[in-house]
Protein chains: 2
Amino acid sequence: MQRYIRMLREGKFKITPRREAILAYFMKEGKYATPEQVWKKLRISLGRLGLPTVYRNMEEMHQLGILVKVEGAENRFYYGLCRAEDPQVHHHHIICQGCRKVQEVEGCLVGSLSKQIEAKTGFKLTGHTIYLQGLCQSCITVDGGGL
Amino acid sequence: MQRYIRMLREGKFKITPRREAILAYFMKEGKYATPEQVWKKLRISLGRLGLPTVYRNMEEMHQLGILVKVEGAENRFYYGLCRAEDPQVHHHHIICQGCRKVQEVEGCLVGSLSKQIEAKTGFKLTGHTIYLQGLCQSCITVDGGGL
DNA sequence: GCATAAATGGAAATGCTTTCCATTTATGCT
DNA sequence: AGCATAAATGGAAAGCATTTCCATTTATGC
């Protein structure tokens, strides 16, 4: 938790109860979620909580590298906590199709291949985004997906 | 063009002037575009053209593998023509940040790494999506991006 | 040609996300 | 501790990409 608080501070953001609650939510759940899902849950304990506040804060946390943002089903966006030691160090995430758990994949998948890609296509690579889907160990043993 | 027409037929879709116009648009432009962009252009030559028609057809073509669908800026979706010999054969696309040109990258970038990823994470891979961004040769020589 | 299911256009609805703005609050300074 | 101030927040309303509805038109097989 403290490291995420620190990241907020470094981004010149204030530490508010709402932000702490959002962080706590993701620390506890460990899976990806939409702003609305977070809002529905936190609204109960926080009393008053605006949906725009959740959207704003989650997007800010995404900008800071605290949350990963992925395009889920039905053109909606999901966010998940990035637990990488240093989020600045380029890496990827894999998402469990069973329980929506988010996990880091150290190292860059494209880095080692970039030369080949550039040779093949004639392009100069400037960036990439990878969405890995899979099943985490506990979901493999259960039934193989669904949620 | 004929191969895309064939793909539409195989998908039990009728060959309409609108569909042909959309295909022609992408054949000519070769870059990715939103339904609205396509609509604005084709509306002129087609006289009457409904925006929902463009959305519907582009999404259908995406389902058939004719168009690639990528999430662009500002939560909008862009489509680009897939020119791979056989779109069913798994491959990736790279998009030029300069001119939005879409190009195929043969082979799968994750295939050769999947064992490593699975070993590292404990996940069983079920799928992946890769968005490669780069600059095509002509854009490299011009200025380095922008559009 | 003709029948028919598919395609289309325009208007309206949907629904995620953002903006506006008045009020509240975290933070730095004294 | 109290204060000033810029940032954060909530609620309502707006924005806007995308989809749905439905009456009309059209491609296609016979």
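Letters A, B, ... are given to chains in the order of the sequence lines, protein chains preceding strands, and every chain is numbered from 1.
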Next item on the list: Could you pick out which residue, B:Arg56 or B:Asn75, lies toward the 5' side of DNA chain D when each is mapped onto its nearest nucleotide?
Entry: B:Asn75
Between [X] ([atom1]) and [N] ([atom2]), how many Å, whole number?
{"X": "B:Lys12", "N": "C:dA7", "atom1": "NZ", "atom2": "C1'", "value": "17 Å"}
{"X": "B:Leu46", "N": "D:dT25", "atom1": "CG", "atom2": "C1'", "value": "15 Å"}
{"X": "B:Glu36", "N": "D:dG15", "atom1": "CD", "atom2": "P", "value": "16 Å"}
{"X": "A:Arg76", "N": "C:dG15", "atom1": "CZ", "atom2": "P", "value": "10 Å"}
{"X": "A:Arg18", "N": "D:dA7", "atom1": "CZ", "atom2": "P", "value": "19 Å"}
{"X": "A:Leu49", "N": "C:dT24", "atom1": "CG", "atom2": "C1'", "value": "14 Å"}
{"X": "A:Trp39", "N": "D:dG11", "atom1": "CH2", "atom2": "C1'", "value": "11 Å"}
{"X": "A:Leu42", "N": "D:dT9", "atom1": "CG", "atom2": "C1'", "value": "14 Å"}

Next item on the list: Pull out every residue in residues 59-66 of chain B that has a heavy atom closer than 4.0 Å to any atom of DNA chain C, ordered by number, or say none.
Entry: none
Margin query: Test of understanding: with ring-ring contact (aromatic ring centres under 6.0 Å, His included), list the residues that count as partners of A:Tyr32, not counting sequence neighbours.
Written below: A:Tyr78
Item checked: Secondary-structure string, 5' to 3', Watson-Crick or G-U under 3.5 Å, | for another-strand partners, for DNA chain D -> ||||||||||||||||||||||||||||||
Kindly list each side-chain donor-acceptor pair under 3.5 angstrom involving residues 10-17 of chain A, sequence neighbours excluded, with atom names and distances?
{"from": "A:Thr16", "atom 1": "OG1", "to": "A:Arg19", "atom 2": "N", "distance (Å)": "3.2"}

Notebook entry, point to check: Given a cutoff of under 4.5 Å between side-chain heavy atoms of I, L, V, M, F, W and Y, with clusters grown through shared members, what are the other residues clustered with B:Val89?
Noted result: none
Could you work out, with side chain to side chain contact (heavy atoms under 4.5 Å, CB included) as the rule, every residue matching [X], not counting sequence neighbours?
{"X": "B:Gln63", "answer": "B:Glu59"}
{"X": "A:Glu118", "answer": "A:Lys124, A:Leu125"}
{"X": "B:Thr126", "answer": "A:Gln97, A:Gln133, A:Leu135"}
{"X": "A:Gln116", "answer": "A:Leu113"}

Notebook entry, point to check: A:Val68 versus A:Leu81: any side-chain heavy-atom pair under 4.5 Å?
Noted result: no
Next item on the list: Look at A:Arg48 and D:dG11 and indicate whether a side-chain polar atom (N or O) is within less than 4.0 Å of OP1 or OP2.
Entry: yes
Notebook entry, point to check: Are OP1 or OP2 of D:dT19 and a side-chain N or O of B:Tyr55 less than 4.0 angstrom apart?
Noted result: no
Check: With the threshold set at 4.0 Å, does a side-chain nitrogen-carboxylate oxygen contact exist between B:Arg76 and B:Glu36?
Finding: yes
Next item on the list: With heavy atoms under 4.0 Å as the rule, sort B:Arg19 into base, sugar-phosphate or nothing.
Entry: sugar-phosphate
Item checked: hbond_proxy B:Arg43 side chain to C:dG9 base (donor-acceptor, 3.5 Å cutoff) -> no
Next item on the list: Indicate if B:Val70 and B:Tyr79 have the same hydrophobic cluster label, given that clusters are the connected sets of ILVMFWY residues with side-chain heavy-atom separations under 4.5 angstrom.
Entry: no
Next item on the list: On DNA chain C, check which nucleotide each of B:Gly50 and A:Tyr79 is closest to and give me the residue with the more 5' one.
Entry: B:Gly50
Under 3.5 Å between N/O atoms: give me all the protein pairs with nucleotides 27-30 of chain C, atom names plus distance.
{"from": "C:dT27", "atom 1": "OP1", "to": "A:Ile15", "atom 2": "N", "distance (Å)": "2.8"}

Considering only distance and modelled atom types, tabulate donor-acceptor pairs under 3.5 Å from the side chains of residues 38-50 of chain A, sequence neighbours left out.
{"from": "A:Trp39", "atom 1": "NE1", "to": "A:Leu49", "atom 2": "O", "distance (Å)": "2.8"}
{"from": "A:Lys41", "atom 1": "NZ", "to": "A:Glu29", "atom 2": "OE2", "distance (Å)": "3.2"}
{"from": "A:Ser45", "atom 1": "OG", "to": "A:Leu42", "atom 2": "O", "distance (Å)": "3.2"}

Item checked: Residues which pass side-chain hydrogen bond (donor to acceptor under 3.5 Å, both in side chains) with A:Thr121, listed by chain and number, not counting sequence neighbours -> none
